[in-house]
Amino acid sequence: MTYVVTENCIRCKYMDCVEVCPVDCFYAGENMLVIHPDECIDCGVCEPECPAEAIVPDSDERAGAWADHNRRYAQSWPNLSRRETPPADADAWKDVPNKSAHFSPAPHTPE
Ligand code: SF4
Ligand code: F3S
């Protein structure tokens, strides 16, 4: 089992999650993060840290196709183990539903 970042993360990208992960298994895109399913130890500490409630266990129905999405992008995006500055309009996107159309496949650019 693993935890999964879902579409609630898109354009919010608060990065509170990376601060608490004991194994640094978050990988970063331009506007969302994913979890590497083979590195996640299923501890669950990141789930309550996300202000956008974007992180769920893969057994949760909200994970859906996002599990494959996490596995795919964790292979090409850079690892992120330290919180950087979230998008300036992150709060405006926090409660927006169905954000998958806004997903960017581009990798994160470190600060
Ligand atoms: Fe990291 Fe634990 Fe979250 Fe997995 S469940 S991503 S190991 S904090
Ligand atoms: Fe995304 Fe939540 Fe982490 S918005 S970057 S999963 S704290």
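Whatever order the structure lists ligands and atoms in, that order sets their numbers, starting from 1. The first residue in the sequence is number 1, and the count goes up from there. Since we're looking at a predicted model, the values are computed, not measured.
- Proximity of Lys13 to ligand 2 is established by a heavy-atom distance of less than 4.0 Å.
- Listed by number with element, the atoms of ligand 2 under 4.0 Å from a non-hydrogen atom of Cys50 are 2 (Fe), 4 (S), 6 (S), 7 (S).
- Here the side chain of Asn70 pairs a donor or acceptor atom with the backbone of Trp66 at under 3.5 angstrom.
- With ligand atoms numbered from 1 in the order given, ligand 2 contributes 1 (Fe), 4 (S), 5 (S), 6 (S) to contacts under 4.0 Å with heavy atoms of Cys9.
- With a 6.0 Å radius and a threshold of 12 heavy atoms from other residues, nucleotides or ligands, Glu47 has its CD atom above the threshold.
- With a 6.0 Å radius and a threshold of 12 heavy atoms from other residues, nucleotides or ligands, Arg72 has its CZ atom at or below the threshold.
- Here atom 3 (Fe) of ligand 2 lies nearest to Cys17 when heavy atoms of Cys21, Cys17, Ala52 are compared.
- Among protein atoms, those of element N, O or S found less than 2.8 Å away from atom 3 (Fe) of ligand 1 are Cys46 SG.
- In summary, the atoms of ligand 1 found under 4.0 Å from a heavy atom of Val23, numbered by their order in the structure, are 7 (S).
- Distance alone, capped at 3.5 Å, is enough to place a donor-acceptor pair between the Glu111 side chain and the Thr85 backbone.
- His108 and Tyr27 have their aromatic ring centers separated by at least 6.0 angstrom.
- For the pairing with Thr2, the side-chain contact (heavy atoms from CB on, under 4.5 Å) check across Asp42, Asp38, Ile35 returns one residue only, Ile35.
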- request: Using the side chain to side chain donor-acceptor pair (under 3.5 Å) rule, take Asp91 and Tyr14 through it: C-alpha gap first, then chi angles, then the decisive distance, then the call.
  value: CA-CA 9 Å; Asp91 289 347; Tyr14 285 111; 2.6 Å; yes
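- The aromatic rings of His69 and Trp77 sit perpendicular, their planes meeting at an angle over 60°, well past the 30° parallel limit.
- Contacts of Ile55 with ligand 2, taken as heavy-atom pairs under 4.0 Å, involve the side chain alone.
- Numbered from 1 in the order shown, with element, the atoms of ligand 2 that lie under 4.0 Å from a heavy atom of Leu33 read 5 (S).
- When each atom of ligand 1 is checked for a heavy atom of Pro22 under 4.0 Å away, the hits are 8 (S).
- Residue Val96 is found in a hydrophobic cluster whose other members, listed by chain and number, are Trp93; membership requires side-chain heavy atoms under 4.5 Å apart, directly or through intermediates.
- Judged by distance alone, with hydrogens and angles left aside, the side-chain atoms of Glu7 form a donor-acceptor pair with the main-chain N or O of Lys99 at under 3.5 Å.
- Listed by number with element, the atoms of ligand 2 under 4.0 Å from a non-hydrogen atom of Met15 are 3 (Fe), 5 (S), 7 (S).
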